[in-house]
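Single-structure report; data block below.
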Amino acid sequence: MKKNDWKERLNIVYSTNPNFEYSTDEKEENETLPKQQQKLRVSFEKNHRGGKTVTIVKNFTGTEADAKELGRMLKTRCGVGGSVKDGEIIVQGDFKEKVIEILKKEGYTQTK
């Protein structure tokens with residue numbers, strides 16, 4: 001256990017059992033697949049977004065940090081905003097063809 005893990009255990013009911021061991025339910029992040037093995041799917045969506053159009057990149061397999069880095073790169077190259085949520089990279093605007101082109105240039109060969 002870490003030295004100062006009490007912050008992670010706030011609001012936890014403690015046991016009086018001397019053999020009790022506290023364990024966290026942390027998710028293990030998937031290891032990021034190489035670019036050539038990523039099967040990314042790019043789609044265009046307008047529903048449930050207040051009439052705004054967005055381009056969504058799905059099926060990224062890897063760590064959250066790598067997904068955010070890819071999202072940052074796509075947003076910068078398209079010159080727009082966006083976010084990374086629930087394993088999806090969201091780019092504001094209709095940039096489907098441009099995003100596919102950028103991903104293929106970066107080495108994501110299995111992009112559709």
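All values below come from the heavy atoms of this structure, side chains included, with hydrogens, waters and symmetry mates left out. For this chain, numbers begin at 1 and follow the sequence in order.
To the nearest 0.5 Å, the span separating CG on Leu40 from CD on Gln110 amounts to 9.0 Å. For the atom pair Leu33 CG and Tyr108 OH, the distance stands at 10.0 Å (nearest 0.5 Å). Put simply, OG on Ser83 and NZ on Lys68 are 10.0 Å apart, with the number rounded to the nearest 0.5 Å. To the nearest 0.5 angstrom, Lys96 atom NZ is 7.0 Å from Ser43 atom OG. Separation of atoms CG (Leu74) and CD (Glu69) is listed at 10.5 Å; rounding is to 0.5 Å. Interatomic distance, Asn47 CG to Lys52 NZ, rounded to the nearest 0.5 Å: 15.0 Å.
In terms of heavy atoms, Lys39 sits closest to Asn59 at O-CB, 3.2 Å. Taking each heavy atom of Val54 and Gln92 in turn, the nearest pair found is CG1-CA, 4.3 Å. Nearest heavy-atom pair across Cys78 and Ile102 is SG-CD1, 4.2 Å. Of all the heavy atoms in Gln38 and Thr61, the pair that sits closest is NE2-O, 2.7 Å.
Note: the hydrophobic cluster containing Phe60 does not contain Ile90 (ILVMFWY, side chain heavy atoms under 4.5 Å, direct or indirect links). In terms of hydrophobic clustering, with Ile, Leu, Val, Met, Phe, Trp and Tyr side chains grouped at heavy-atom distances under 4.5 Å, Ile100 and Met73 are assigned to a common cluster.
A heavy-atom distance below 4.5 Å is not found between the side chains of Ile89 and Val99. Inter-residue side-chain proximity for Val84 and Glu64 is flagged as met; some heavy-atom pair is nearer than 4.5 Å. Under the 4.5 Å side-chain criterion, counting only non-hydrogen atoms from C-beta, Phe95 is not in contact with Val42. With contacts defined as side-chain heavy-atom distances shorter than 4.5 Å, the pair Val80/Val91 qualifies.
Checked by atom type and distance alone, the side chain of Glu45 never pairs as donor or acceptor with a backbone atom of Thr53 at under 3.5 Å. A donor-acceptor distance shorter than 3.5 angstrom exists from the side chain of Lys35 to the backbone of Glu106, with no hydrogens or angles considered. At distances below 3.5 Å, at least one donor-acceptor pair connects side-chain atoms of Thr32 with backbone N or O atoms of Thr63. At least one donor-acceptor pair under 3.5 Å links the side chain of Thr55 to the backbone N or O of Gly93.
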For Lys98 and Glu101, what are the C-alpha separation, side-chain angles and deciding distance, and is it a salt bridge (charged side-chain N to carboxylate O under 4.0 Å, His left out)?
CA-CA 5 Å; Lys98 188 172 184 178; Glu101 180 182 314; over 6 Å; no
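Using a cutoff of 4.0 Å between basic side-chain nitrogens and carboxylate oxygens, Lys85 and Glu88 are not scored as salt-bridged.
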